[in-house]
Amino acid sequence: MENMILKHMDVVRGITISILEKTTEEAADITPKGFNNNIRWNLPLFKKNLCLA
């Protein structure tokens, strides 16, 4: 069971990174209505030279 959960988390992480890699810099700076921060603020994956793997 634990192995299945870890595998699921790895798959979800991979999907999330794939989506974020396709997100433009401009889109990362948009703050959605009702939120205080943008994607860049919440997910430091947009910082240059950060290893995603």
Side-chain angles (χ1 to χ4, degrees):
M1 179 70 163
E2 179 181 330
N3 192 31
M4 186 172 70
I5 292 170
L6 293 174
K7 176 67 177 167
H8 177 73
M9 290 172 61
D10 189 46
V11 169
V12 171
R13 180 179 183 271
I15 292 168
T16 302
I17 289 171
S18 176
I19 291 169
L20 290 174
E21 286 177 333
K22 296 173 189 172
T23 303
T24 64
E25 297 284 327
E26 294 79 22
D29 290 330
I30 295 171
T31 302
K33 185 176 181 179
F35 290 87
N36 294 327
N37 297 314
N38 55 32
I39 293 172
R40 188 184 307 274
W41 176 267
N42 289 300
L43 299 172
L45 296 174
F46 283 96
K47 290 183 179 178
K48 296 190 189 257
N49 301 320
L50 181 65
C51 178
L52 299 175

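If you're wondering where the values come from, they're calculated on a predicted model, not measured in any experiment. Along the sequence shown, the residues carry numbers beginning at 1.
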Show which residues join Val12 in its hydrophobic cluster (side-chain heavy-atom contacts under 4.5 Å, direct or indirect), or state none.
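Listed partners: none, Val12 stands alone.
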Rest of the hydrophobic cluster containing Ile15 (Ile/Leu/Val/Met/Phe/Trp/Tyr, side-chain heavy atoms under 4.5 Å)?
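Ile15 clusters with Val11, Ile19.
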Ignoring hydrogens and angles, write down the donor-acceptor pairs under 3.5 Å from the side chains of residues 30-37, residues two or more places apart or on other chains.
none

Using the test side chain to side chain donor-acceptor pair (under 3.5 Å), find all partners of Asn38 that sit at least two apart in sequence or belong to another chain.
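By the side chain to side chain donor-acceptor pair (under 3.5 Å) rule, Asn38 matches no residue at all.
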Among all residues two or more places apart in sequence or in another chain, which pass the side-chain contact (heavy atoms from CB on, under 4.5 Å) test with Met4?
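Counting only residues at least two positions away or on another chain, Met4 forms a side-chain contact (heavy atoms from CB on, under 4.5 Å) with Met1.
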First locate atom CZ of Arg13, then atom NE2 of His8, and finally report the distance between them rounded to the nearest 0.5 Å.
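Spacing of CZ (Arg13) from NE2 (His8) equals 14.5 Å.
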Would you give the length of the straight line joining atom CG of Leu20 to atom CD1 of Ile39, rounded to the nearest 0.5 angstrom?
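Nearest 0.5 Å value for the CG-CD1 distance: 7.0 Å.
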